[in-house]
Amino acid sequence: MPDIAYVNGAYIPIAEARVSILDRGFLFADGVYEVAAVIDGRLIDNEAHLSRLARSLRELRIENSPSMTHIAEVEAELVARNGLSEGLVYLQITRGAASDRDFGFPQDTAPTLVAFTQRKNIIASIAADTGVNVITVPDLRWARRDIKSVALLAQVLAKQAALEAGCQEAWMVDRDSFVTEGSSSTAFILTKTDVLVTRANSAEILPGCTRKVVQTLAAREGLMVEERSFSVDEAYDAKEAFLTSASNLILPVISIDGRAIGSGKPGEKSGLLRTLYIEWATNAAQSS
Ligand code: PDD
């Protein structure tokens with residue numbers, strides 16, 4: 001059976017799912033999105049994702065979106081209809097399809113809501129065993145990276161540069177040579193003095209849902225957790241590095257720009273935090 005997608009109230013085989021060419025997501029990247037992990041058929045940390053979605057909508061003044069309760073029902077329904085045990089739910093809300101292409105907000109246009117699922121092994125992951133290689137690239141994004149907007153061209157180019165360099169992720173770097181975040185993940189380092197460092201939330205990065213849980217789990221383990229900017233040089237010199245995202249949970253970073261991080265193998269604390277996150281997510285899945 002083909003996978004089912006959701007488009008504005010209808011559940012449709014994904015190959016038949018359509019939106020208008022006048023949709024503002026298509027014309028202007030005028031929309032927002034979320035990606036949440038599914039483990040054992042349950043959405044992980046979905047309240048945090050939906051609350052970030054509601055904030056993104058508010059910040060862009062996209063009004064009359066279906067309620068977050070309704071969206072959660074749609075997500076659960078898609079997981080059920082697609083028999084998804086492990087993977088991702090993607091959802092996107094745009095300012096809708098007006099009758100013409102005009103930059104200003106259209107009047108009386110309902111937002112577009114689409115959602116679909118993707119099968120993915122996120123727990124039994126090869127990348128988690130081998131670790132990933134990262135390159136650094138200039139951060140070319142706009143000034144409101146805290147909004148999870150579908151305007152992802154800078155991230156697309158960053159990820160492609162990483163792939164062409166034989167790497168799996170790109171860490172984007174600001175003008176002062178400080179790492180902002182990954183093209184689709186949060187960047188963490190563990191210093192040689194065992195301090196876990198990630199950039200503080202601001203308009204310069206997306207406030208990662210996984211990041212927040214990982215910080216809590218790390219603090220519970222007695223690790224010092226610091227929110228501050230770190231430079232590319234500090235990252236090269238770190239004991240460990242890792243990335244976090246809903247789509248990959250935690251992945252150890254074993255090299256940055258071809259320089260081995262620590263021993264050049266997945267770090268011990270990165271592995272521990274991955275195990276703790278999976279435990280936390282599995283328990284959350286069972287109790288939801
Ligand atoms: N990306 N930073 C950026 C730029 C991201 O795109 C993402 C997630 C994150 C991590 O956020 P979270 O832990 O809430 O997933 C950080 C998703 C997975 C994506 O675009 O596919």
Side-chain angles (χ1 to χ4, degrees), residues 25 29 31-39 43-56 59 75 86-93 114-122 125 127-128 132 134 136-163 168-174 178-189 198-218 227 229 241-251 253 270 273-274 276-278 280-281 284:
V32 300
Y33 76 107
E34 272 301 328
V35 178
V38 172
I39 295 175
L43 284 139
I44 304 305
D45 209 9
N46 204 34
E47 253 176 56
H49 286 281
L50 292 182
S51 116
R52 187 172 64 190
L53 178 69
R55 178 179 183 276
S56 294
E59 292 297 313
E75 290 179 302
E86 197 172 313
L88 305 168
V89 175
Y90 175 91
L91 72 89
Q92 175 169 327
I93 301 176
V114 306
F116 56 85
T117 61
Q118 263 177 268
R119 272 163 232 286
K120 182 172 185 195
N121 289 334
I122 41 187
S125 142
V132 296
V134 161
T136 60
V137 297
D139 195 334
L140 301 178
R141 296 175 297 165
W142 74 323
R144 289 301 308 277
R145 303 154 186 171
D146 55 314
I147 299 170
K148 202 162 171 59
S149 127
V150 294
L152 290 171
L153 191 50
Q155 288 98 312
V156 166
L157 296 177
K159 186 81 83 184
Q160 185 61 25
L163 296 174
Q168 294 75 39
E169 179 58 304
W171 279 8
M172 297 178 289
V173 176
D174 68 18
F178 288 100
V179 173
T180 52
E181 60 187 328
S183 69
S184 61
S185 58
T186 304
F188 278 87
I189 57 167
T198 193
R199 197 170 174 117
N201 282 335
S202 71
E204 286 158 350
I205 64 163
L206 184 78
C209 298
T210 322
R211 165 190 186 277
K212 192 169 175 200
V213 174
V214 166
Q215 286 175 311
T216 306
L217 295 171
E227 291 192 345
S229 299
F242 61 86
L243 57 85
T244 64
S245 71
S247 47
N248 287 298
L249 312 181
I250 299 176
L251 290 181
V253 170
S270 312
L273 289 170
R274 181 174 169 87
L276 292 174
Y277 187 89
I278 290 172
W280 174 85

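Just so you know, residue 1 is the first one in the sequence shown, and it goes up from there. Whatever order the structure lists ligands and atoms in, that order sets their numbers, starting from 1.
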### Query
Does V89 offer a backbone N or O that forms a donor-acceptor pair with the side chain of T117 under 3.5 Å?
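No, T117 side chain to V89 backbone: no donor-acceptor pair under 3.5 Å.
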
### Message
Using a 6.0 Å cut-off, check whether atom CD of E227 has over 12 heavy atoms from anything other than its own residue.
### Response
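Yes, the 6.0 Å shell around CD holds more than 12 heavy atoms from other groups.
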
### Task
For side-chain contact (heavy atoms from CB on, under 4.5 Å), just list the numbers for R141 and T180, CA-CA rounded to whole Å, side-chain angles, deciding distance to a tenth of an Å, and then say yes or no.
CA-CA 11 Å; R141 296 175 297 165; T180 52; 3.7 Å; yes

### Residues in ring pair (Phe, Tyr, Trp, His ring centres under 6.0 Å) contact with Y33, at least two apart in sequence or another chain
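Checked Y33 against ring pair (Phe, Tyr, Trp, His ring centres under 6.0 Å); matches are Y90.
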
### E169 versus S185, side-chain donor and acceptor atoms under 3.5 Å
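S185 vs E169: donor-acceptor pair found between side chains.
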
#### Entry: Distance-only polar pair, side chains of K159 and S183, donor-acceptor under 3.5 Å
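Note: K159 and S183 side chains meet the donor-acceptor criterion.
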
### Task
Compile the protein residues with any heavy atom at a distance under 4.0 Å from an atom of ligand 1; present them by chain, then by number.
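Y33, V35, H49, R52, R141, K148, E181, G182, S183, S184, S185, T186, L206, G208, C209, T210, T244, S245, A246, S247.
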
